Visitor: 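This is the structure I have questions about; it appears just below.
We number each residue from 1, following the sequence as shown. Nothing here was measured: the structure is a model prediction, and the numbers come from that model. Just follow the structure's listing: the first ligand is 1, and inside any ligand the first atom is 1.
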Amino acid sequence: MVDLLVKNGKVVFPDCTIEADIAVENGKIVAIGLRGSMPRAEETIDARGKYVLPGGIDPHTHIANPFMGKSPDEDFFIATKATAKGGTTTIIDFAIQKKGKTPMQEVLDRRAVADDKVVIDYSLHPCVTNPTPENLGQLKELIDYGLPSFKLFLVYRKEGLMVDDGALMKVFELTKAYGGLVGLHAENVGMIEYLIDEALKKGNTSAIYHALTRPPITEAEAVNKAIYLANYYNAPYYNFHLSIKKGVDLCRKARNTGRPIYAETCTHYLVNTIDDLRRENGINFICTPPLRTKEDQNALWEGLADGSLSLVSSDHCYFTSEQKKTGKESFDKVPNGMPGHEFRMPILFSEGVVKGRISVNRFSEITSTNAAKIFGIYPQKGIIRVGSDADIVIIDPKLEKKISAEDSLYGMDWCPAEGLNVKGWPVVTISKGKVIWDGGFRGKAGEGKFLKRVLDPELFKYPIA
Ligand SMILES: [Zn+2]
């Protein structure tokens with residue numbers, strides 16, 4: 001007798017999809033087999049006609065992270081509950097070093113607000129914003145602590161997050177020595193500040209100028225520099241929220257020569273465009289990098305399909321319309337960011353698999369497996385395999401409904417993909433063997449655990465995901 005049996009579903013593996021049953025005990029997958037060959041279970045779920053996939057991994061969320069003077073109206077409980085509803089069973093959030101704290105203190109402070117609240121497993125990327133020798137001296141300690149991936153900001157000088165190219169070199173040197181992964185918010189701060197100043201001088205303050213003052217060159221230059229530096233140090237590199245065609249081309253070229261260059265794009269770049277900034281509520285769509293053109297969007301889909309891009313994150317960062325409005329006088333005052341983790345999986349399934357852009361196996365890679373491999377939680381997470389955590393999502397490919405902020409567990413007052421027709425929704429989410437969503441929430445705060453991660457040494461040699 002096992003704890004749980006998921007029967008009759010189409011189980012998605014990296015290289016095939018097979019009708020099979022999955023047995024779960026003590027939070028782990030203990031057997032995968034053909035119908036009728038499995039032990040009896042305390043609880044059985046019939047997944048006939050549905051896909052059974054590894055639970056989603058979203059390696060880029062900003063939960064309850066104050067920014068530009070505003071604090072999102074959420075905590076790790078409501079946020080991870082909504083994540084679970086959306087079919088995601090692991091998130092990697094950020095510990096963005098604040099003034100007067102060390103990166104390690106920031107990690108401990110984030111854990112203090114998250115550990116008792118999370119309903120799914122989670123981890124953090126430390127962000128160094130004040131690269132003093134003392135703070136950089138903690139990189140090794142952070143890696144040993146189980147947080148081997150870092151994010152640095154090349155922008156947000158005024159907001160106090162930016163580091164310069166010298167610090168970036170130093171971080172490459174140190175992570176090279178200790179075995180860490182450098183990730184960047186790659187945009188060119190000098191170009192953007194110049195273009196914003198020019199726009200404001202001319203009185204160009206509406207939302208569309210957010211995108212027009214961050215044209216593709218400002219991102220392409222920074223992505224190019226990052227890849228160049230990674231090559232110089234013979235180190236791996238992770239590009240957060242890639243949004244442009246030129247960026248896809250740069251990653252493709254680097255990976256074609258065997259370099260371990262990894263990039264994610266985000267859900268909103270795949271369904272929203274620069275035109276959303278021209279809407280009446282255009283300021284809501286302000287995020288960085290900005291929304292781009294249809295041509296960029298097509299290139300991102302191509303990059304996901306051909307393996308130039310590794311995965312899709314949400315970059316969830318929720319501000320209400322009211323909070324966004326504090327910047328209504330000028331685009332540069334609007335708190336950046338959009339909500340997204342709750343709808344990442346259904347949007348990608350519908351726009352990707354149902355529309356024929358990617359296979360269901362590739363969907364599984366870009367929503368789960370590749371994040372696990374890159375960030376050092378594979379094969380504990382990211383795959384349906386005997387011995388792995390029983391983090392499982394069941395998607396009903398026939399269920400069809402429109403995205404609506406009203407459906408969100410948050411009670412969001414707006415949503416970037418509002419009105420998008422989505423076919424294929426997560427209907428059951430299982431975290432470590434326990435059903436935590438099946439149309440209603442069955443999890444508990446604090447049942448998620450903080451994950452200590454260890455990078456795969458192969459990650460440093462060639463693209464593993
Ligand atoms: Zn972000």
Side-chain angles (χ1 to χ4, degrees), residues 56-72 74 76 79-80 82-83 86 88 90-98 103 106-107 110 114 122-129 147 149-163 181-189 192 210-211 214 218-219 222-223 226 237-244 247 262-272 284-292 300 309-319 323-324 334-344 367 371 374-375 416:
I57 300 173
D58 187 347
H60 187 164
T61 63
H62 301 277
I63 290 169
N65 181 56
F67 190 50
M68 297 174 78
K70 295 285 154 218
S71 291
E74 66 184 348
F76 274 89
T80 53
T83 316
T88 291
T90 301
I91 55 166
I92 311 180
D93 204 274
F94 295 87
I96 303 175
Q97 183 193 8
K98 292 187 193 61
E106 190 64 57
V107 164
R110 281 299 265 176
Y122 85 105
S123 183
L124 298 165
H125 306 285
C127 304
V128 180
T129 60
L147 301 177
S149 55
F150 303 94
K151 184 182 183 188
L152 301 172
F153 295 89
L154 299 186
V155 287
Y156 297 134
R157 194 198 310 258
K158 285 178 206 140
E159 293 79 3
L161 302 183
M162 190 200 86
V163 298
L181 175 62
V182 178
L184 290 182
H185 179 135
E187 288 185 294
N188 181 302
V189 72
I192 290 168
H210 173 70
R214 304 175 103 92
T218 61
E219 184 177 341
V223 173
Y237 167 64
Y238 187 81
N239 201 104
F240 286 96
H241 49 43
L242 193 88
S243 73
I244 49 168
Y262 306 95
E264 60 167 38
T265 188
C266 310
T267 327
H268 42 267
Y269 301 117
L270 299 169
V271 288
N272 295 97
N284 285 4
F285 294 84
I286 288 182
C287 62
T288 55
L291 295 173
R292 304 292 188 185
L300 294 172
L309 303 184
S310 297
L311 63 96
V312 181
S313 71
S314 68
D315 197 359
H316 170 88
C317 183
Y318 174 47
F319 295 107
Q323 289 175 315
K324 288 275 192 178
V334 179
N336 293 186
M338 300 203 289
H341 61 166
E342 192 173 340
F343 297 126
R344 181 184 71 118
T367 56
I374 293 168
F375 294 111

Visitor: I'd like to verify the contacts: list protein N, O or S atoms under a distance of 2.8 Å from the Zn ion (ligand 1).
Guide: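 The answer is His60 NE2, His62 NE2, Asp315 OD1.
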
Visitor: Using a 3.5 Å distance criterion without hydrogens, assess whether the side chain of Ser313 forms a donor-acceptor pair with backbone atoms of Pro59.
Guide: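 Side chain of Ser313 to backbone of Pro59, a donor-acceptor pair under 3.5 Å: no, none is there.
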
Visitor: Side chains of Tyr238 and Ile374: does their closest heavy-atom pair fall under 4.5 Å?
Guide: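 Tyr238 reaches Ile374 side chain to side chain.
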
Visitor: Angle class for the Phe240/His60 ring planes (parallel below 30°, perpendicular above 60°, tilted otherwise)?
Guide: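 Correct class here is perpendicular.
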
Visitor: With respect to Asp315, which candidate in His341, His185, His62, His268 satisfies the side-chain hydrogen bond (donor to acceptor under 3.5 Å, both in side chains) definition?
Guide: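 That would be His62; it is the only one of His341, His185, His62, His268 passing the side-chain hydrogen bond (donor to acceptor under 3.5 Å, both in side chains) with Asp315.
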
Visitor: Please check if any side-chain donor atom of Thr267 sits under 3.5 Å from a side-chain acceptor atom of Arg344, or the reverse.
Guide: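 The answer is no; no qualifying pair exists.
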
Visitor: Taking the basic N atoms (NZ, or NE/NH1/NH2) and the acidic carboxylate oxygens, is any pair closer than 4.0 Å for Arg214 and Glu219?
Guide: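 Judged by the 4.0 Å cut-off on N to carboxylate O distance, Arg214 and Glu219 do not form a salt bridge.
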
